[in-house]
Amino acid sequence: MKTGIVYLIGAGPGDPGLITVKGLECLRRADVVVYDYLANPAFLNEAPPEAERIYVGKKKGCHHQPQDHINALLEEKARAGLIVARLKGGDPYVFGRGGEEALHLHNAGIPFEVVPGVTAGFAAAAYAGIPLTHRDYTTSLGLVTGHEDPAKKMSSLDWEKLATGVGTLVFYMGMANLPLITEELIAHGRPAETPVAIVRWATTPRQQTLTATLGNVVEKVREAGIKPPAVIIVGEVVELREKLRWFDNRPLFGKRVMVTRTPEQAREFIALLALQGAEAVCCPTIATAEPESWSDLDAGIAALDRTDFLILTSTNAVDSFFARLAWKGADVRSLAGVRIVAVGPKTAGAIRARGISPDLVPEEYRAEGVVALLKEQGIAGKRILYPRADLARDLIPAELAAAGAVIAAPVAYRTVAPVGGGDRIRELLTAEEIDAVTFTSSSTVENFLEMVGPDAADLLEKVNVVSIGPLTTLTAERMGLNVAVQPQIYTLEGMMEAMVDFYAESGVRIQDRKCQTPDIRFDS
Ligand code: SAH
């Protein structure tokens, strides 16, 4: 049997964007993933579903698995002809025992490759706003393990040379020995005023940074209660953070925001949140389900050859309409003579993805816009098919019928509360891990309360409730919730801006703002 290969892959410090393209490619080809503690377990989803995933890190309360076991495992899997992705935090060759694993593979004659990663010290410096070298400050850099046994008589670190011979020092695994590290550096000639930064959970939404001096950092860390994992950066360059910080001063940094739409629907909103520094926690309260009966939509599909306009007002409507069309054994050719109206660019994109271009998109991406646009077209006597959600407003059918059109508006899908999921929401709220909950329609509010149970309003007491617009706010308030934030413009972008304002004004309620348009979200 052909021997496989082991890729020693650096997974970076935590931010999932900080794995290399090559690392990700290797991971996606893996038969086996061997990992220990990972700052970001999301990487495991990148491996093929059938790949074996083997955890070799610390078990709860126990020690790390012996390195020999890990070495033997890598060897065994590769000998079996498999592609092994050995994922390691940061860079595999920086305090990560990657060297030991590579040597074992070399001795065993197993092919291996090393994919470097962004090491914690470099990442922490970048995300804390500290250039590790800068011509005006320092020209050398040292990475040091702080994981020395303080009881050891002879430290293997040459403190004298470290203290005065290297510009910037970055200590890994050094939090337990912080008093020793600072003492030794000062004792060996580094001034007590030397700036120090402690960066914990670097590159993640939980990043904490403390700046101090060698002389007072121990006390400050104790006061702030900062624990591992953290790196200790020592050197004048730390001063630059004041000007160069960019990560942890974004408006919503560190906020955990519960998003009540599905991850697919919320992708754009999650990205907006991330740009402002917030972390989205997806707890969908909306799922789609089939209509109670397909007969109305089927009748509409059967009459497509006599239909003048097809109106689609959401990507869900596009999905269910085309799925049903296919189920009936038909395809886009049935739409040859039909003019297609998409409520907005997202719906239009979903239609294009089916290989057909929408004919009309209104200027205003909502029901009113669709009605105005169609009226301009002259619709008296025209036949219109409008496959819709069960909860959609009656505006389109009512107005178009009043203008003389013959309109069929069959239910193409229903929006329902997903089964399960309520417990997770309860847990997150009870653990006070959420800063804000966002609602983007009345159904998200109603379903949320149904999923969580009668004490939902109490659980939301300490959380900022964010509503997309007045209709949603009305529903929330009717159900006993206190709405803290509501934007003036009823879009996701508007909601984001209102949250930024809200947290900037720290706690000032943004409410009672003038109603502009009903906040029915079309085109999502
Ligand atoms: N191979 C890894 C280091 C492993 S040693 C790398 O290249 O980054 C583990 C130490 O790395 C921790 O004790 C801590 O000092 C540091 N570390 C790892 N991830 C970190 C993070 N996200 N923020 C701060 N320090 C981190």
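Just follow the structure's listing: the first ligand is 1, and inside any ligand the first atom is 1. Residue numbers start at 1 and run along the sequence shown.
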(request) Check each atom of ligand 1 against the heavy atoms of P13 and keep those under 4.0 Å away; list them by number with element. (result) 22 (N)
(message) Checking contacts here: is it the side chain or the backbone of V199 that comes within 4.0 Å of ligand 1, counting heavy atoms only? Could be both or neither.
(response) backbone
(request) State, with a plain yes or no, whether a side-chain heavy atom of H188 is found less than 4.5 Å away from one of T164. (result) no
(request) Please identify which atoms of ligand 1 are closer than 4.0 Å to at least one heavy atom of V94. (result) 1 (N), 2 (C), 3 (C), 6 (C), 7 (O)
(request) Say whether G121, considering both its backbone and side-chain N or O atoms, lies within less than 3.5 Å of an N or O atom on ligand 1. (result) no
(message) Taking G146's backbone N and O only, do any of them form a donor-acceptor pair with N177's side chain (distance below 3.5 Å, no angle check)?
(response) yes
(message) So does T213 get a backbone contact from the side chain of E193, meaning a donor-acceptor N/O pair under 3.5 Å?
(response) no
(message) As an exercise, identify every atom of ligand 1 less than 4.0 angstrom from a heavy atom of G90.
(response) 6 (C), 7 (O), 8 (O)
(request) Begin with the C-alpha distance, continue with both residues' side-chain angles, and end with the deciding distance and a verdict on salt bridge (Lys or Arg N to Asp or Glu O under 4.0 Å) for R190 and E184. (result) CA-CA 9 Å; R190 196 82 177 219; E184 294 280 8; over 6 Å; no
(message) I need the single residue from R424, K462, R256 that forms a salt bridge (Lys or Arg N to Asp or Glu O under 4.0 Å) with E433. Which is it?
(response) R256
(request) Classify the contact between F171 and ligand 1 as side chain, backbone, both or neither, using a heavy-atom distance cut-off of under 4.0 Å. (result) neither
(message) Students often mix this up, so state it plainly: with edges at 30° and 60°, are the rings of F448 and F439 parallel, tilted or perpendicular?
(response) perpendicular
(message) Within this structure, what is the OG1-CD1 distance for the pair T211 and I233, rounded to the nearest 0.5 Å?
(response) 11.0 Å
(request) For G14 and ligand 1, answer yes if some heavy atom of the residue is under 4.0 Å from a ligand atom, otherwise no. (result) no
(request) Flag R200 as yes when one of its N or O atoms lies below 3.5 Å from any N or O atom of ligand 1, and as no otherwise. (result) no
(message) To the closest 0.5 Å, what do you measure between SG (C283) and CE (M451)?
(response) 7.5 Å
(request) Please indicate whether any nitrogen or oxygen in A202 is less than 3.5 Å from any nitrogen or oxygen in ligand 1. (result) yes
(message) Evaluate A120 for polar contact with ligand 1, using N/O atom pairs at a separation under 3.5 Å.
(response) yes
(request) Carefully, step by step, assess F112 and Y7 under the rule ring pair (Phe, Tyr, Trp, His ring centres under 6.0 Å). (result) CA-CA 6 Å; F112 67 91; Y7 293 107; over 10 Å; no
(request) Run the contact test for V231 against ligand 1 with a 4.0 Å cut-off on heavy atoms, strictly below, and give the result. (result) yes
(request) Using heavy-atom distances, let me know which of F122, F95, W201 sits nearest atom 5 (S) of ligand 1. (result) F95
(request) Take E101 and R97 through the salt bridge (Lys or Arg N to Asp or Glu O under 4.0 Å) test and state the conclusion after the steps. (result) CA-CA 6 Å; E101 292 174 16; R97 296 194 168 212; over 6 Å; no
(request) Answer whether the closest heavy-atom distance between the side chains of M495 and F269 falls below 4.5 Å. (result) yes
(message) Closer than 4.0 Å to some heavy atom of T119 - which atoms of ligand 1 meet that?
(response) 6 (C), 7 (O), 8 (O)
(request) Could you tell me if any non-hydrogen atom of G89 lies under 4.0 Å from any atom of ligand 1? (result) yes
(message) Tell me whether D91 has any N or O atom under 3.5 angstrom from an N or O of ligand 1.
(response) yes
(message) Any atom of ligand 1 sitting under 4.0 Å from a heavy atom of A230?
(response) yes
(request) For ligand 1, find out whether one of its N or O atoms is nearer than 3.5 Å to an N or O atom of G174. (result) no
